[in-house]
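Written out below as structure tokens is the structure these notes cover.
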Amino acid sequence: MASIQPAAPPLLRITLTPSAHSFLTPGEDSLLQAALDAGYVLPYGCRNGACGSCKGKVLEGLVDHGDSQPGALSLADRAAGYALFCCARPLTDVVLECREVSGAKDIPVKTLPCRVEKIERVAEDVIVLSLKLPVNERLQFLAGQYIEFLLKDGKTRAFSIANAPHAEGLLELHIRQVVGGEFTSHIFNHMKVKEILRLRGPLGTFFLREPSDKPIIFVAGGTGFAPIKSIIEQALHSGVKRPMTLYWGARHRAGLYLHELAQRWASEHAHIRYVPVLSEPAASDQWTGRTGLVHQAVLEDQPTLGAFQVYACGAPAMVEAAQRDFMAHGLPAEEFFADAFTFANAKN
Ligand code: FES
């Protein structure tokens, strides 16, 4: 006898105004979470009803205000139709008046303490550092942006965030040891789990430009992979289907410190290709893949770049060569995006 499955609850429609973006949700998550899952970035701070950063107006429909705290949402606010989107769940179809984050300028830059949670040596000269923020704090950022550490001597050191914004809780950084670099030598030789640091962020304008249907070429050199990892994970999370090719260059095989992850993206997603390139493979690498300079591998595959959008991150010399040579092969100047902090803050 066929079993009778309970009917799925009807989906609710959330419409954002003035953008007129609209999406369906089962109504189990907060308005904020539902919007983020649908690929629409709304402003937020604490995500637990305390700071008011996510406050917006419910123009039509009903919501359950959940754990909204009176300090962030007063009774007068509620009476005027406001809600904290990080706490409120839709009970019916709703129309929300809210500001959407369309670029880095829409996200406030914060200064926060953070605690070292994990230190993983993934190559001789690369550490993946995981940082935890205070319990009531979240750092909103766009995939591809960076933070900077505020050091005791007043100096700053910048590092890209390597995880995607939807991966809650931890910030992941990929840190390459710089010969003679004071801060990285501290990280490699002395840093311990639970150390407290201060950071400021998010910063930078290296993030995926949407809407666009242009195929994307990512060019990463060494730990320039970090912000590109964030962008690709975010793109996969929000269902971006534009063709993407990742060229990741390193000197030796060990420099491709998350090679298997990139291979997995390519094997699991038909719209992603991965081309690893080594400039000086060691005999022990037994490398049978591409060799040479990473940006030249792009040109060997795509001598005409007029239809592409390119995101490059790595050593300044690589980024400069890529920009010059790609534009000489037809890439429009406005379709080349690079991680600027590598120029400003190369000595870590
Ligand atoms: S994000 Fe802080 S109150 Fe919603």
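Positions are given from 1 along the sequence. First listed ligand is number 1; within each ligand, the first listed atom is number 1.
Within ligand 1, the atoms closer than 4.0 Å to a non-hydrogen atom of C51 are 1 (S), 2 (Fe), 3 (S), numbered from 1 in the order shown. Taking every heavy atom of R47 and a limit of under 4.0 angstrom, the matching atoms of ligand 1 come to 1 (S), 2 (Fe). Proximity to G49 (heavy-atom distance under 4.0 Å) selects the following atoms of ligand 1: 3 (S).
Closest to atom 3 (S) of ligand 1, if we only count protein heavy atoms, is G52 N, 3.2 Å.
Atom 4 (Fe) of ligand 1 lies under 2.8 Å from an N, O or S atom belonging to C54. The nearest N, O or S atom of C86 is not closer to atom 2 (Fe) of ligand 1 than 2.8 Å.
The closest side-chain donor-acceptor pair between D339 and Y311, if any, does not fall under 3.5 angstrom. Defined by atom type and a distance below 3.5 Å, a donor-acceptor pair is present between the side-chain atoms of Q309 and R242. Side-chain N/O atoms of S19 and E100 include a donor and acceptor closer than 3.5 Å.
Under the 30°/60° scheme for interplanar angles, the aromatic rings of F326 and F336 are found to stand perpendicular.
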Q: Please report the C-alpha distance between Y247 and F218 in whole Å, then the side-chain angles of each, then the deciding distance to 0.1 Å, and finally whether the ring-ring contact (aromatic ring centres under 6.0 Å, His included) criterion is met.
A: CA-CA 6 Å; Y247 291 83; F218 294 110; over 10 Å; no
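Under a hydrophobic clustering in which Ile, Leu, Val, Met, Phe, Trp and Tyr are joined whenever their side-chain heavy atoms come within less than 4.5 Å, directly or via other members, L129 and V193 fall into the same cluster.
The shell of residues lying under 4.0 angstrom from ligand 1, judged by heavy atoms, includes A50.
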